[in-house]
Amino acid sequence: MTKLWTSDHLRRALSITIGCAVAGALVGGCSTGQHESANPSPSSSSTDPAGPTTRYPAATSAWIMDATLTGQPREAAQFAAETKVANDLYMNSNDYNPTLMQAYNERVVKTYFWPEALWKDLRTKWHTTGGTQWSAIGSEQIDSGYRVTLCEFDTPGLYSIVDSKPVHDQHFGKSLSAEWVTVSWTTEPSALESRSTPAPRPLVTSIVSAVGNQNPGTLCDKYAPEPFVQQPPDPIQPGQK
């Protein structure tokens, strides 16, 4: 299946910290609160080598925020959520897109750099459709900036296209990820820069689990949107782009 950026073994080792061990949410909790791609174990006859014959929209990602957040805590929360959405859009894209690559990497420090080569390493023959939703549920000032608590929900759901049909892994719970994302106002170079900037600007400088080895649902399920919708998108009709 399409290896969703949020929990492939290689990505798990790099996207949180080098040497951070992560277990996927496919079979329970995970140390980053992140998720693995669906794997319905298609038969040997399930082949979509050049993409599905029935086309579906690209996977999407969106964010919402606690309405009580104001001022700089809100600004940090929005930046963190937008960064995670940018990461999802880039890494879940069925085709490499340099604009999506830049949109994510310009918002993070080099620790979380995702180049084209790594994007290619995570590809398999199955395309992805559907989407997820991030929710910023808190933003706390710390010495290095603001620690934003983010939950990722499997709505409308991520689907892999197998034999031209969307397949969803039923092991996924409502919550796919629970993270602490630190947003700092800093002159530190981003993943795309070679030198410091003249003035401080927001940058993601740390991404760690918000739940340790627990299932992300222990923190996030109570914040899940209601009604909780899981529905694949309609296929693209002939003549649509």
Side-chain angles (χ1 to χ4, degrees), residues 1-12 15 22-28 30 34-64 84-104 114-134 152-177 216-217 224-241:
M1 308 298 295
T2 302
K3 293 181 180 178
L4 308 176
W5 75 265
T6 43
S7 64
D8 179 89
H9 290 294
L10 178 60
R11 181 189 182 283
R12 292 186 311 204
S15 66
V22 181
L26 185 63
V27 291
C30 55
Q34 297 186 357
H35 64 84
E36 287 192 3
S37 58
N39 188 355
S41 300
S43 67
S44 59
S45 63
S46 298
T47 57
D48 287 318
T53 56
T54 301
R55 295 170 55 233
Y56 286 82
T60 63
S61 187
W63 62 270
I64 58 176
K84 299 303 292 187
V85 165
N87 198 347
D88 276 2
L89 293 176
Y90 168 43
M91 296 306 294
N92 286 335
S93 175
N94 295 316
D95 300 294
Y96 175 71
N97 186 319
T99 301
L100 294 179
M101 184 279 290
Q102 179 175 342
Y104 165 68
W114 287 91
E116 179 182 358
L118 185 54
W119 178 92
K120 289 180 177 179
D121 285 344
L122 301 185
R123 297 306 96 199
T124 69
K125 63 186 177 184
W126 286 284
H127 285 198
T128 303
T129 191
T132 61
Q133 179 176 282
W134 288 89
E152 183 183 24
F153 300 109
D154 189 31
T155 180
L158 285 168
Y159 301 81
S160 290
I161 308 304
V162 180
D163 292 336
S164 296
K165 297 180 181 179
V167 177
H168 181 262
D169 194 300
Q170 297 304 314
H171 290 90
F172 287 171
K174 289 183 177 182
S175 301
L176 297 176
S177 181
E226 294 294 344
F228 194 82
V229 177
Q230 288 188 319
Q231 178 69 38
D234 293 330
I236 297 173
Q237 299 301 314
Q240 285 184 308
K241 294 183 178 182

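As a basis for the values below, the full set of heavy atoms in this structure was taken, side chains included, without hydrogen atoms, waters or symmetry mates. Residue numbers start at 1 and run along the sequence shown.
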Residue set satisfying side-chain contact (heavy atoms from CB on, under 4.5 Å) with Pro156, at least two apart, ordered chain then number -> none
Taking side chain as C-beta onward, heavy atoms only, is Met91 less than 4.5 Å from Trp119?
yes
Hey, could you give me the CG/CD distance between Leu118 and Glu116, rounded to the nearest 0.5 Å?
11.0 Å
So do the side chains of Pro225 and Thr155 get within less than 4.5 Å of each other, counting heavy atoms only?
yes
Which atom pair, heavy atoms only, marks the closest approach of Ala86 to Ala103?
CB-O, 4.1 Å
Would a 4.5 Å heavy-atom cut-off, applied to side chains only, mark Lys84 and Glu152 as touching?
no
Can you tell me how far apart NE2 (His127) and OG (Ser93) are? Round to the nearest 0.5 Å.
9.5 Å
What is the minimum heavy-atom distance between Tyr56 and Thr129, and which atoms define it?
CB-OG1, 3.7 Å
With heavy-atom distances below 4.5 Å as the criterion, would you say the side chains of Trp134 and Asn87 are in contact?
no
Distance-minimising heavy-atom pair for Ser175 and Pro216
O-CG, 3.6 Å
So, Ser61 versus Asn92: side-chain donor-acceptor pair below 3.5 Å or not?
no
With rounding to the nearest 0.5 angstrom, report the CG to OG1 distance, Leu89 to Thr99.
12.0 Å
Looking only at heavy atoms, which two atoms of Tyr159 and Gln230 are closest? And how far apart?
OH-C, 3.4 Å
What residues form a side chain to side chain donor-acceptor pair (under 3.5 Å) with Gln231, not counting sequence neighbours?
none
To the nearest 0.5 Å, atom CG of Leu176 lies from atom OG1 of Thr132 at 7.0 Å
Partners passing side-chain contact (heavy atoms from CB on, under 4.5 Å) against Ala224 (at least two apart in sequence or in another chain)
Phe153, Lys174, Phe228
Check for a donor-acceptor pair, side chain of Asn94 on one end and backbone N or O of Thr128 on the other, with a separation under 3.5 Å.
yes
Interatomic spacing from OH in Tyr90 to CH2 in Trp114 - rounded to 0.5 Å:
9.0 Å
All heavy atoms of Leu158 vs all of His168, minimum pair found to be O-CD2, 3.1 Å
Report yes if some heavy atom in the side chain of Arg123 is under 4.5 Å from a heavy atom in the side chain of Tyr96; otherwise report no.
no
Could you state the interatomic distance from CG (Asn97) to CE (Met101), rounded to the nearest 0.5 Å?
9.5 Å
